[in-house]
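Beneath this line is the structure, given in structure tokens, with notes to follow.
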Amino acid sequence: MLPKYSFIIPIYNEEDTIEEMYRRVSIVMNRMDGPVELCLVNDGSSDRSLQMMRELHQKDPRVIYLSLARNFGHQIAVTAGLNFVRGQVVVILDADLQDPPELIPDMVEKWRQGYQIVYAQRIQRRQEGWFKRFTAYAFYRILKNLADVDIPTDTGDFCLLDRKVVDVLNAMSERNRYIRGLRAWVGFNQIAIKFERDPRFAGDVKYTFRKSLALAINGLVSFSKVPLRLSTYMGFLAALVSLFMCMLVLYWRLFVPHSPLTGMAIILIAIFFLGAVQLFSIGILGEYIGRIYEEVKQRPLYTLAEVAGFYEEQGDTQKPISVVKEK
Ligand code: UDP
Ligand code: MG
């Protein structure tokens, strides 16, 4: 029987949280009104995570898993899950229990009321450092102002998606996947559910500063062309400044006997300033061109090393495949 609900959980070195995560998620699974599959996606963990996933699958056949051949990153891991799950209703949540699974029944209730996308919106982040809180706060607001689509603030990937939405997401071929943006782009009836973000249950944050920054840049560049325009604006600004400087120099030469414009300093400053503006602009261009390059290469989004629970009908539960085509 095909599952009605699919839960997707990306896992990257989460050996300390998996047990507790399964315990809490399975309580929710038991309470659902239809068959549930719990799709764990191993994103190239180097600890015991994969082994633990295998054991869970043995113990509870509702637990199925995909194992990516290396660490492809959270967004790609979730994408792999979306490609494979079969439920009518799909829920994406983190392994570290920062997204409380107990919220799922409320999300399903909204789905019943006719919403195809129910996303969880944080009203508070408990026990996360001021730096993370501040950067996240600022980023979501900048993104909201610049993005072509209305990407709600303070939402992560914790959400419920109707099958219709999942099919649209799967049909999108883009490589740089910023799932919360794509989700907003899809449309349909969307609604937020507010929640307080708990601290991580155990283990370290897997989103290092570098990964978070990459995700943020990806979100901006994938959903806004404003940064490209920024170099035009800066060009204008630089032109205005230099015009003003010309007039200033002229005025000093003509009317001020001992003009303050002596020495190299002013020239150096101007050179460095313009150099910075140009490099910055080239950098922005590079972000976009790099993405075009990624897209035209048309590589598969990920490679799979192991799959379990999806192919039971054909009897090959652990067939390693390198390119994902059909389910
Ligand atoms: N994760 C992943 N691949 C990565 C980094 C993280 O699959 O390269 C998973 C991780 O196991 C967790 C989720 O993504 O389930 C969120 O990661 P984390 O809690 O470290 O980041 P946060 O969103 O809390 O900053
Ligand atoms: Mg977390």
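Just so you know, these numbers use all the heavy atoms, side chains as well, and skip hydrogens, waters and symmetry mates. Each ligand, and each atom within it, is numbered from 1 in the order the structure gives.
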Check: Quick one: do the Y5 and R62 side chains pair a donor with an acceptor below 3.5 Å?
Finding: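 No, R62 and Y5 have no side-chain donor paired with an acceptor closer than 3.5 Å.
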Notebook entry, point to check: For D60 and Y22, does a side-chain donor sit closer than 3.5 Å to a side-chain acceptor?
Noted result: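 Yes - a donor-acceptor pair under 3.5 Å links their side chains.
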Margin query: Could you identify the N, O or S atom of D96 positioned closest to the Mg ion (ligand 2)?
Written below: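 For D96, the N, O or S atom at the smallest distance from the Mg ion (ligand 2) is OD2.
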Notebook entry, point to check: Should D96 be counted as touching ligand 1, given the test is an N or O pair under 3.5 Å?
Noted result: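 In this structure, D96 places an N or O atom under 3.5 Å from an N or O of ligand 1.
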Item checked: Distance-only N or O hit between ligand 1 and P10, under 3.5 Å ->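 Indeed, backbone or side chain, P10 has an N or O that close.
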Atoms in ligand 1 with a heavy atom of [X] nearer than 4.0 Å:
X: A95; result: 15 (O)
X: G73; result: 3 (N), 8 (O)
X: I11; result: 7 (O), 11 (O)
X: N71; result: 3 (N), 4 (C), 8 (O)
X: Q98; result: 19 (O), 22 (P), 24 (O)
X: D43; result: 2 (C), 3 (N), 4 (C), 7 (O), 8 (O)
X: Y12; result: 1 (N), 2 (C), 3 (N), 4 (C), 5 (C), 7 (O), 8 (O), 11 (O)

Next item on the list: State whether D94 contributes an N/O/S atom found under 2.8 Å from the Mg ion (ligand 2).
Entry: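 No, since none of the N, O or S atoms of D94 sits under 2.8 Å from the Mg ion (ligand 2).
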Checklist line | Y207 N/O/S atom closer than 2.8 Å to the Mg ion (ligand 2) | finding: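 No - counting backbone and side chain alike, Y207 has no N, O or S atom under 2.8 Å.
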Next item on the list: Count the heavy atoms of every other residue, nucleotide or ligand shown that sit under 6.0 Å from NZ of K194, and state whether that count exceeds 12.
Entry: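 No, the 6.0 Å shell around NZ holds no more than 12 heavy atoms from other groups.
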Notebook entry, point to check: What are the two closest heavy atoms between F201 and D16, and how far apart are they?
Noted result: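 It is CE2-O, 3.6 Å.
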Checklist line | T155 OG1 to I193 CD1 distance, which is reported to the nearest 0.5 Å | finding: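 Spacing of OG1 (T155) from CD1 (I193) equals 13.0 Å.
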Item checked: Chi angles and distances behind the side-chain hydrogen bond (donor to acceptor under 3.5 Å, both in side chains) call for Q51, R48 -> CA-CA 5 Å; Q51 188 51 38; R48 285 174 43 246; over 6 Å; no
Check: Quick one: are R291 and E287 in side-chain contact, heavy atoms under 4.5 Å?
Finding: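 Result yes, sub-4.5 Å side-chain heavy-atom pair found.
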Notebook entry, point to check: Would a distance-only check, ignoring hydrogens and angles, find a side-chain to backbone donor-acceptor pair under 3.5 Å from S49 to E14?
Noted result: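 Yes, the answer is positive, given that a donor and an acceptor are paired below the 3.5 Å cut-off.
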Notebook entry, point to check: Checking R180 side chain against Y178 main chain: does a donor-acceptor pair fall under 3.5 Å?
Noted result: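 No; judged by distance alone, with no hydrogens or angles, the pair does not exist.
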Next item on the list: Check whether any heavy atom of R197 sits under 4.0 Å from an atom of ligand 1.
Entry: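 A heavy atom of R197 does come that close to ligand 1.
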Next item on the list: For atom 25 (O) of ligand 1, state which one of K132, H74, E14 supplies the nearest heavy atom.
Entry: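 The residue whose heavy atom sits nearest atom 25 (O) of ligand 1 is K132.
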